[in-house]
Amino acid sequence: MLLNLVNSFLQLVEQFSISTKIIAATTIIAVFVRLITSKRFKLPPGPRPLPLLGNILELHGASLLDKLDEWKERYGPVVTFYIGPKMVIVVNDFEHLNEAYVKQGSDFSSRPLLYSSKIVTDDFKDIALAPYGDVWKYQRKITSQALRRYLTGKQLELRVYETLQPIIENMKQESGAFNPHRYMSLSVFNVLHGLCFGSTLQIEDPRFTKLLSSQDKVSDGIGNGFIEDFLPPLRLWPTKKFTELMKLALEFNDYVLDRLQEHKISFDANNVDDLTDNILLAQQQALKEDDFAKFFTDDHAKQIVIDVFAAGLDTSRQTLDWLFLVLVAYPEVQSKMHEEIDRVVGNAVPSKEHRSRLVFTEAVLMETMRLYYVTPVGLPHETMRDTTVGGYEVPGKTTMLANYFSMMRDPKYWPEPLRFKPERFITINKEGTESKISALRHDGWAPFSMGHRACIGESLAKLELVYIVAGLLQKLTFSFAGEEEGKFPDMGNSAKGITFLPKPYYVKVTSRGN
Ligand code: HEM
């Protein structure tokens, strides 16, 4: 098998034009010169890399997560491996992640400048994939402020409620078994569409259908990432996967650009409502201050909105896909949530006032994110200078991965890690009433990451998900369409590399008559 792979690689090189061979040869020479001249580091241990190919052959055809688990077993909590000539260090436990991303945050908070990221971000003018620096700091600050403003009022809870009513009616009218994925996606899509653009789409709107299908294909197809990011010569003949997924991602960007243009035409600084208006207002103010004007071109404004929309959409809707699978597989969990929601919310609009008392509901959400974590290695970081972790040396410009997936299933932090047990997040206080443990203080729970680059949408995501789940369960009971009730279906190998998504499943709903 190894020989076959090497042969196919050589055949591929055979087909390269002379200019590509020159580029490839120059890259090889540059790598060797770098190896010879570079400082020797006491790196974390890891599998032995091949020259130029690194550990690509071991990763080829395997799930990245399975490989990372295998290497964690063999080499420990911090592991070095190579994708092509590019060195990657992966951190597998909470203590070392805390040491790197939090205690030494200023060393570990940049991003690798990947070729694929450059294409979809107009040359890193966004937040999520941009390198650490003044532009990123500025964009992150104004976006966080806009999100905070949005969350202080009642806009989010009303938006979720308004979004859910037609979805609930549509679900009730489903005559047989259906896949809830479209509905989960639409509920999150509309919450974010409302936040970003002040409007929502109907489920039959062709724009929603098209965007959903593109986003599904991107999440499904991304696998272990793009080889073009690590072997530059291959960019001259990009793989079909790369070309197709880039095209779909850019279509999503175009949709946001159209909305941004509409907002620019109707913009009124005295009537700022949604996130796009807030960003346009911040842009107007920045343009008055010379120092910031260069940070805020139209491309920057577009990329901020894309980030909020895209980063929030997939993570939240896929979390809901898992959560509703849990609810149909464990009807006793669903009943307990029904009881809590009836008691705390009744027929009212689920709101902030209810949230602190929706203890079990929130614990189910946290347990779902722990066990069925949709972005197993999050977004890569890059070191900004030579530094250390776990007593090992880490050179500057090293790509870092955090293995949240493995950490959140590690028996070191979680007794019976593979058991779905929301109660692990709940404590009983002295008065005998339940109170929730803060997730931030639970070692090993970090679905939103930690440190400077931690998710800026954490508060929004948690609120939105609680409101959606409470709003749906207020009115509906979900069950499996077939015989599966009471057991979690075999999801096979759902971990596709950098995403972890459930396979399609089918449910039926019954109205709760309220
Ligand atoms: C269940 C929902 C969500 C999960 C699990 C999640 C998870 C994450 C993770 C793991 C990161 C990478 C952190 C790092 O690199 O250390 C991240 C970054 C980010 N998330 Fe989220 N996220 C969620 C929802 C959202 C929402 C609703 C928004 C919208 C505001 C959002 C916006 C972002 C942005 C802009 C970044 C980049 C931050 C930066 O690089 O400075 N996320 N998220």
Side-chain angles (χ1 to χ4, degrees), residues 59 61-69 116 128 177-189 191-192 208-226 241 244-245 248-249 252 309-330 364-380 401-409 417-418 420 446-449 455 457 461 464-465 468-469 472 478 480-481 484 487-507:
L59 286 165
S63 142
L64 176 69
L65 287 183
D66 291 345
K67 268 290 146 199
L68 293 185
D69 259 356
S116 55
F178 63 95
N179 180 343
H181 174 69
R182 268 170 72 77
Y183 293 116
M184 299 306 151
S185 295
L186 182 66
S187 54
V188 174
F189 183 94
V191 169
L192 290 165
F208 167 67
T209 314
K210 186 159 184 264
L211 287 168
L212 176 64
S213 140
S214 310
Q215 285 298 100
D216 281 347
K217 282 184 194 147
V218 173
S219 305
D220 217 40
I222 201 152
N224 285 350
F226 300 111
K241 163 181 151 182
E244 274 177 12
L245 298 190
L248 293 171
F252 188 85
F309 205 160
L313 179 63
D314 276 354
T315 45
S316 309
R317 72 193 178 113
Q318 291 157 359
T319 301
L320 280 180
D321 283 341
W322 279 115
L323 197 139
F324 277 84
L325 179 58
V326 162
L327 295 190
V328 289
Y330 304 121
V364 169
L365 188 63
M366 288 162 66
E367 180 71 340
T368 305
M369 282 195 260
R370 178 189 74 79
L371 199 47
Y372 304 110
Y373 182 51
V374 293
T375 55
V377 290
L379 291 174
L401 288 182
N403 193 353
Y404 307 101
F405 192 81
S406 168
M407 190 168 88
M408 291 200 278
R409 290 169 166 229
L418 297 183
F420 188 84
F448 297 95
S449 188
C455 177
E464 153 207 64
L465 292 171
I468 292 175
V469 174
L472 289 174
F478 291 76
F480 266 135
E484 307 93 327
K487 59 178 192 287
F488 206 85
D490 177 17
M491 284 284 135
N493 192 1
S494 298
K496 297 206 165 176
I498 52 186
T499 55
F500 181 60
L501 315 175
K503 290 194 181 139
Y505 61 92
Y506 294 83
V507 301

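The first residue of the sequence shown is numbered 1, and numbering continues consecutively from there.
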Check your understanding: Can you name the residues that form a side-chain contact (heavy atoms from CB on, under 4.5 Å) with S116, not counting sequence neighbours?
Key -> L114, F226, D229, F242, M246

**Study point:** Approximate separation, where rounding is to 0.5 Å, of L371 CG and F420 CZ
**Key:** 7.5 Å

Practice item. Walk me through it: do L68 and S406 pass the test side chain to side chain contact (heavy atoms under 4.5 Å, CB included)? Key: CA-CA 9 Å; L68 293 185; S406 168; over 6 Å; no

Check your understanding: Do Y372 and L323 have side-chain heavy atoms sitting under 4.5 Å apart?
Key -> no

Check your understanding: Is the side chain of T499 donor-acceptor paired with the backbone N or O of S219 at a distance under 3.5 Å, no angle test?
Key -> yes

**Study point:** Nearest heavy atoms of P502 and L325, plus distance in Å
**Key:** CB-CD2, 4.1 Å

Exercise for review: Output the distance between atom CG (L212) and atom NE2 (H181), rounded to the nearest 0.5 Å.
Suggested key: 5.0 Å

Review point. What are the two closest non-hydrogen atoms of P504 and N179, and how far apart are they?
Key: CB-ND2, 3.6 Å

Check your understanding: Do Y373 and R409 have side chains that get closer than 4.5 Å, going by heavy atoms?
Key -> no

Review point. Taking side chain as C-beta onward, heavy atoms only, is T368 less than 4.5 Å from L320?
Key: no

Practice item. Please name all residues satisfying side chain to side chain donor-acceptor pair (under 3.5 Å) with Y505, sequence neighbours left out, ordered by chain then number. Key: none

Revision key, fill the gap. A177 meets the side-chain contact (heavy atoms from CB on, under 4.5 Å) criterion, sequence neighbours left out, with A481, Y506

Check your understanding: Quick one: does M408's side chain get under 4.5 Å of P447's, heavy atoms only?
Key -> yes

Study note, to complete from the structure: Between V218 and A249 the two heavy atoms that sit nearest each other are CG2-N, 4.4 Å

**Study point:** Side-chain heavy-atom pair D321, L501 within 4.5 angstrom cut-off
**Key:** no

Exercise for review: Take Q318 and T375 through the side chain to side chain contact (heavy atoms under 4.5 Å, CB included) test and state the conclusion after the steps.
Suggested key: CA-CA 10 Å; Q318 291 157 359; T375 55; 5.6 Å; no

Exercise for review: Using the test side-chain contact (heavy atoms from CB on, under 4.5 Å), find all partners of A311 that sit at least two apart in sequence or belong to another chain.
Suggested key: none

Practice item. Only counting residues at least two apart or in another chain, list the ones meeting side-chain contact (heavy atoms from CB on, under 4.5 Å) with L211. Key: F189, F252, Y255

**Study point:** side chain to side chain contact (heavy atoms under 4.5 Å, CB included) between L65 and N403, worked out
**Key:** CA-CA 8 Å; L65 287 183; N403 193 353; 4.2 Å; yes

Review point. How about V507 and F324: do any of their side-chain heavy atoms sit closer than 4.5 Å?
Key: no

Check your understanding: Does some side-chain heavy atom of R182 sit less than 4.5 Å from a side-chain heavy atom of T209?
Key -> yes

Review point. Who pairs with S214 by side chain to side chain donor-acceptor pair (under 3.5 Å), at least two apart in sequence or on another chain?
Key: none

Practice item. With sequence neighbours excluded, tell me which residues meet ring-ring contact (aromatic ring centres under 6.0 Å, His included) with Y183. Key: F178

**Study point:** Gap between atom CH2 of W322 and atom CD of E367 - 0.5 Å precision
**Key:** 13.5 Å

Review point. Of all residues at least two apart in sequence or in a different chain, which pass the side chain to side chain donor-acceptor pair (under 3.5 Å) check with S449?
Key: Y404

Study note, to complete from the structure: Hits for salt bridge (Lys or Arg N to Asp or Glu O under 4.0 Å) against E464, two or more places apart or cross-chain, chain-then-number order -> none

**Study point:** Whether R370 side chain and P417 backbone form a donor-acceptor pair below 3.5 Å
**Key:** yes

Practice item. Look at the aromatic rings of F500 and F405 and report parallel, tilted or perpendicular, splitting at 30° and 60°. Key: perpendicular

Point to revise | Those residues that, when tested against R317, pass salt bridge (Lys or Arg N to Asp or Glu O under 4.0 Å) (two or more places apart) | key: D216, D314

Check your understanding: Who pairs with K241 by salt bridge (Lys or Arg N to Asp or Glu O under 4.0 Å), at least two apart in sequence or on another chain?
Key -> none

